[in-house]
Amino acid sequence: MSPRGEAGRPASPPAARSGRYRLLPYLLLLPGAAWLFLFFVVPLAQLAAASLYDPTGSLSTGYALTWAFGNYPTALQAYWPQFGRSFLYAGIALVLALLMGYPLAYAIALKAGRWKNLLLVCVIAPMFTSFLVRTLAWKTILSDNGALVGLLRDVHLLGPDGRLLATPVAVVLGLTYNFLPLLVLPLYASLERLDRRLLEASSDLYASPLTTFRRVTLPLSMPGLIAGTLLFFIPATGDYINAELLGTPNEYMIGNVIDSAFLVRLDYPQGAALSFLLMSAILAVVFGYLRRTGTEEIL
């Protein structure tokens with residue numbers, strides 16, 4: 001007689017049960033993999049095909065896939081200043097965000113005590129508001145008749161006709177403010193898990209606070225620091241809203257050019273080529289950064 005399971009049913013052979021268990025993780029991954037395929041891989045393939053369309057085509061006459069690899073050097077030659085400006089503005093904003101974000105994350109994680117949750121809410125509260133609304137608010141703050149510009153003129157940091165709006169300073173400040181929470185939150189998570197006994201041991205060994213930070217706190221917070229800098233730098237490089245609202249065409253970044261190519265000039269081959277060039281440049285910077293910090297394995 002065959003062995004019986006619950007309710008008198010024949011028990012499944014052990015080999016069959018183990019086979020189902022081996023398939024279970026892949027079945028759990030299936031919905032996410034299908035989502036990524038449909039909404040990431042397929043659009044990326046379509047974008048790659050569009051970047052190789054005949055540049056003489058149009059929406060009215062249609063586009064032909066002629067494998068026009070010349071679209072890439074042509075686009076880069078025409079808009080390399082915007083590429084450089086994007087990385088420059090994002091890099092300056094990242095430095096400013098680190099100078100503000102690391103002390104803020106450190107204070108919340110290690111010094112805030114019972115005020116920790118309130119301060120965390122203050123960090124993420126701006127993200128409850130639309131990105132566009134936040135940027136428009138900065139347009140008001142930096143306006144020529146605003147209190148900030150008036151104060152800077154009174155203390156002679158700006159000339160009588162000096163301004164902040166429609167300058168590179170405004171664009172960098174907008175990038176810093178809008179993406180700062182993406183830097184602070186991973187840093188906070190890394191610092192909050194820090195073993196306080198290591199800091200006490202460093203103090204017991206007569207290390208100064210600066211030495212403790214340099215030899216203990218900073219190395220142990222590197223995972224959060226790396227994650228935060230990537231979460232900040234990647235979207236800041238491709239942003240176009242801040243340059244559009246807080247700057248002028250002289251401050252436009254590559255995101256503004258891509259937006260114009262797709263929605264204004266309807267030059268799909270050039271817009272797609274610029275998009276792939278931007279993705280390639282960001283990936284090169286990211287891999288170079290991870291290799292330099294010795295953390296390329298996290299990818």
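Note that the structure is predicted; figures quoted are calculated from it, not measured.
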* Asked: Which heavy atom of Ala105 sits nearest a heavy atom of Leu187, and at what distance?
  -> CB-CB, 3.7 Å
* Asked: Between Thr61 (side chain) and Gly57 (backbone), is there a donor-acceptor pair under 3.5 Å?
  -> no
* **Neighbour count above 12 (heavy atom, 6.0 Å) for Tyr240 OH** => no
* Leu199 side chain reached by Leu110 side chain, heavy atoms, under 4.5 Å -> yes
* To do: On the 0 to 90° scale, with breaks at 30° and 60°, tag the Trp67-Phe69 ring pair as parallel, tilted or perpendicular.
  => parallel
* Asked: Are Phe213 and Tyr102 close enough, and set up right, to give a ring pair (Phe, Tyr, Trp, His ring centres under 6.0 Å), and what steps lead you there?
  -> CA-CA 12 Å; Phe213 173 78; Tyr102 200 106; 5.5 Å; yes
* **Path from Leu99 to Tyr106 over hydrophobic side-chain contacts below 4.5 Å** => no
* Atom pair OG1 (Thr167) and CG (Asn250), whose distance is rounded to the nearest 0.5 Å -> 11.5 Å
* So, the side chain of Ser202 versus the backbone of Leu198: is there a donor-acceptor pair under 3.5 Å, distance only? -> no
* Asked: CG of Asp195: more than 12 outside heavy atoms within 6.0 angstrom?
  -> yes
* Single-linkage hydrophobic cluster Leu263~Phe276, side-chain heavy atoms < 4.5 angstrom -> yes
* **Joint hydrophobic cluster, Val264 plus Tyr252, side-chain heavy atoms closer than 4.5 Å** => no
* Are Phe87 and Ile282 side-chain neighbours, meaning at least one heavy-atom pair lies under 4.5 Å? -> yes
* Side-chain heavy-atom pair Met253, Leu175 within 4.5 angstrom cut-off -> yes
* Asked: Side-chain contact, heavy-atom cut-off 4.5 Å: Val95 with Met100?
  -> no
* **Within-4.5 Å side-chain heavy-atom neighbours: Val149 and Arg163** => no
* Asked: Just wondering, do Leu230 and Tyr289 contact through their side chains at under 4.5 Å, heavy atoms?
  -> yes
* **Heavy-atom pair of closest approach, residues Val133 and Thr129** => CG1-CG2, 3.6 Å
* Measure across Leu44 and Met279 and return the closest heavy-atom pair with its distance rounded to 0.1 Å. => CD1-CE, 3.7 Å
* With distance as the sole criterion, is a donor-acceptor pair present between the side chains of Ser208 and Thr211 under 3.5 Å? -> yes
* For Ser143 and Thr140, run side chain to side chain donor-acceptor pair (under 3.5 Å): C-alpha distance rounded to whole Å, both residues' side-chain angles, the deciding distance at 0.1 Å, then the answer. => CA-CA 5 Å; Ser143 64; Thr140 302; over 6 Å; no
* Heavy-atom neighbours of Arg215 CZ exceed 12 at 6.0 Å -> no
* To do: Answer yes or no: is there a donor N or O on one side and an acceptor on the other, between the side chain of Glu192 and the main chain of Ala189, under 3.5 Å?
  => no
* Asked: Heavy-atom distance under 4.5 Å between the side chains of Gln270 and Ile258, does that happen here?
  -> no
* Any side-chain donor-acceptor pair under 3.5 Å between Asp259 and Asn256? -> no
* Ignoring hydrogens and angles, tell me if any N or O in the side chain of Arg134 forms a donor-acceptor pair with the backbone of Met127 under 3.5 Å. => no
* Asked: With distance as the sole criterion, is a donor-acceptor pair present between the side chains of Tyr63 and Ser58 under 3.5 Å?
  -> no
* To do: For Lys139, look at atom NZ and say whether over 12 heavy atoms of other residues, nucleotides or ligands are found less than 6.0 Å away.
  => no
* Structure fact -> Taken to the nearest 0.5 Å, the spacing of Leu191 CG from Leu220 CG works out to 9.5 Å
* Asked: Are Leu27 and Leu29 connected in the hydrophobic side-chain network, where two residues link if heavy atoms are under 4.5 Å apart?
  -> no
* Asp239 (side chain) donor-acceptor with Pro235 (main chain) under 3.5 angstrom -> no
* To do: Determine, step by step, whether Tyr53 and Tyr268 satisfy the ring pair (Phe, Tyr, Trp, His ring centres under 6.0 Å) criterion, reporting the C-alpha distance in whole Å, the side-chain angles of both residues, the deciding distance to 0.1 Å, and the verdict.
  => CA-CA 8 Å; Tyr53 285 161; Tyr268 287 4; 8.3 Å; no
* Using a cut-off of 6.0 Å, state whether more than 12 heavy atoms not belonging to Arg196 lie near its atom CZ. => yes
* Examine distances only and state if a side-chain atom of Ser190 and a backbone atom of Pro186 form a donor-acceptor pair shorter than 3.5 Å. => no
* **Criterion side-chain contact (heavy atoms from CB on, under 4.5 Å) on Thr135 and Leu246, from CA distance to verdict** => CA-CA 8 Å; Thr135 308; Leu246 303 179; 4.1 Å; yes
* Does Glu251 offer a backbone N or O that forms a donor-acceptor pair with the side chain of Arg85 under 3.5 Å? -> no
* To do: Verify whether one side chain among Ser51 and Tyr72 offers a donor that lies under 3.5 Å from an acceptor in the other.
  => yes
* To do: Determine, step by step, whether Phe179 and Phe131 satisfy the ring pair (Phe, Tyr, Trp, His ring centres under 6.0 Å) criterion, reporting the C-alpha distance in whole Å, the side-chain angles of both residues, the deciding distance to 0.1 Å, and the verdict.
  => CA-CA 10 Å; Phe179 297 110; Phe131 189 95; 5.6 Å; yes
* **Donor-acceptor pair between Tyr89 and Thr237 side chains, under 3.5 angstrom** => no
* Asked: For the residue pair Trp138 and Tyr177, does the interplanar ring angle fall in the parallel (under 30°), tilted (30 to 60°) or perpendicular (over 60°) class?
  -> tilted
* Structure fact -> Closest heavy-atom pair, Thr212 versus Ala207, reported as atoms and distance to 0.1 Å, is OG1-CB, 3.7 Å
* Give a yes-or-no answer on whether the side chains of Ser203 and Glu200 include a donor-acceptor pair shorter than 3.5 Å. => no
* **Backbone of Asn71 reached by a side-chain donor or acceptor of Thr74 within 3.5 Å** => no
* Asked: Leu277 versus Ile254: any side-chain heavy-atom pair under 4.5 Å?
  -> no
* Given the rule that I, L, V, M, F, W and Y join up when any side-chain heavy atoms are under 4.5 Å apart, are Leu157 and Leu142 in one cluster? -> yes
